[in-house]
2 protein chains.
Amino acid sequence: MGADPGSEAWSAMRDLMMAQRGTMLAAASELDLSPPQLLALRALHPGEPAPMSALAQVLRCDASNVTGIVDRLEDRGLVQRRPAPHDRRVKHLVLTERGEELRRRAAAWLDAPPPGFEALSADEQRELRDLLRKVAGAAPRPA
Amino acid sequence: MGADPGSEAWSAMRDLMMAQRGTMLAAASELDLSPPQLLALRALHPGEPAPMSALAQVLRCDASNVTGIVDRLEDRGLVQRRPAPHDRRVKHLVLTERGEELRRRAAAWLDAPPPGFEALSADEQRELRDLLRKVAGAAPRPA
DNA sequence: TATTGTTATACTCTATAACTATA
DNA sequence: TATAGTTATAGAGTATAACAATA
């Protein structure tokens, strides 16, 4: 019955991913954001203007979609489009004060480890961290 | 700079989740399925008829959406609606032969551990499995 | 010529509300 | 009365193709 340890580990991790999907959807609903809007808000960092194209990369969607997603975030006063200094084709996105505030509320939902992590001792949490870093570091996301 | 080990472990796991999101989107595109359709196909198990409502739970969406998603899967000959024996309000979903075949192709994409897992020794994979099971088991998904 | 972002289009997903058929 | 699934509706996400402005 037992598959190899790697597959079993991956299976457990996918369970956690499905649970996290629920948390993310709940957070989006609570913050009155669509899932892509929530992802976009998190991809933007305070004080770090980013081109529209960066959002397309994170969202893994076509650039044409970013236009509409940013339109709605901008309509709500959460982000602003600004001309990029070095290339007049590029538009930079910056978080507004309200955008930063909403982003902080999103972080409170999503950055905290799920309650299941409390089942591990401090030593076990360190072990888990090191193992996960090894896995994540070994597989740099393909562009 | 270092947060607590739990947060650091969670951060590494979220990196893996974002990477997995890319894999899932690539698989859906490759199989010519939308993300919800792919999720639905995976939620149905060969030889195990399931009510529409089960899909709504897995997809975490309203029941009204399931109608359309199943409509399109049925139009493509991947699933079939059947009357449930015990309650004539309920409709059971079953995978067709084509549905099972496509589901196998989806599993090939998604069930295999990402390449990063190869960075771990067999012992480390077992450690990771045990730690993840402890975390996942401690936090049964809230209904 | 190539790239960034926009527009137009068609399709899918999504929740809400109202509805049908059953329980 | 309550529940399973459908329909109608409106808004949002999605890719494709064509386009403007800029490089």
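Within every chain, numbering begins at 1; the chains are lettered A, B, ... in the order of the sequence lines, protein sequences first and strands thereafter.
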For the side chain of [X], counting heavy atoms from C-beta on, which of [options] is nearest?
X: B:M52; options: C:dG5, D:dG5, D:dA15; result: D:dG5
X: A:A63; options: D:dT16, D:dG13, C:dT6; result: C:dT6
X: B:P36; options: C:dC13, D:dG13, C:dG5; result: C:dC13
X: B:D87; options: D:dT6, C:dT22, D:dA15; result: C:dT22

Just to confirm, is there a sub-4.0 Å distance from OP1 or OP2 of [N] to any side-chain nitrogen or oxygen of [X]?
X: B:R88; N: D:dT3; result: no
X: A:S53; N: C:dG5; result: yes
X: A:S34; N: D:dA12; result: no
X: B:R72; N: C:dC13; result: yes

- Item | Spacing of CG belonging to B:L93 relative to CZ belonging to B:R81, to within rounding of 0.5 Å | 7.0 Å
Using residues 20-32 of chain B as the side-chain source, report each donor-acceptor pair under 3.5 Å to any protein atom, sequence neighbours left out, with the distance given to one decimal.
| residue | atom | partner | partner atom | Å |
| --- | --- | --- | --- | --- |
| B:R21 | NH1 | A:L59 | O | 3.2 |
| B:R21 | NH2 | A:L59 | O | 3.2 |
| B:T23 | OG1 | B:A19 | O | 3.4 |

Review item, side-chain donor-acceptor pairs of residues 62-70 of chain A, under 3.5 Å, at least two apart:
| residue | atom | partner | partner atom | Å |
| --- | --- | --- | --- | --- |
| A:D62 | OD2 | A:S64 | N | 2.9 |
| A:D62 | OD2 | A:S64 | OG | 2.7 |

- Query: Is there a side-chain contact between B:E127 and B:L120, using heavy atoms and a 4.5 Å cut-off?
  - Reply: no
- Of A:D71 and A:R89, the one whose closest DNA chain C nucleotide lies more 5': A:R89
- Message: Closest-nucleotide mapping onto DNA chain D: is B:G68 or A:Q37 further toward the 5' terminus? I mean the 5' end.
- Response: B:G68
- Query: Would you call the rings of B:W10 and A:F117 parallel, tilted or perpendicular, where under 30° means parallel and over 60° means perpendicular?
  - Reply: perpendicular
Whole-Å distance between [N] [atom2] and [X] [atom1]?
X: B:L31; N: C:dT12; atom1: CG; atom2: P; value: 17 Å
X: A:H86; N: C:dT4; atom1: NE2; atom2: C1'; value: 10 Å
X: B:L25; N: D:dT14; atom1: CG; atom2: P; value: 9 Å
X: B:M24; N: D:dT14; atom1: CE; atom2: C1'; value: 13 Å
X: A:E74; N: D:dA12; atom1: CD; atom2: P; value: 15 Å
X: B:Q80; N: D:dG5; atom1: CD; atom2: C1'; value: 18 Å
X: B:L55; N: C:dT14; atom1: CG; atom2: P; value: 11 Å
X: A:D62; N: C:dT9; atom1: CG; atom2: P; value: 17 Å

- Task: Examine the base of C:dT14 for any acceptor or donor lying under 3.5 Å from a partner atom in the side chain of B:S64, and report the outcome as yes or no.
- Result: no
- Checking all strands, does B:N65 fall into the base, sugar-phosphate, or nothing category for heavy-atom contacts under 4.0 angstrom? base
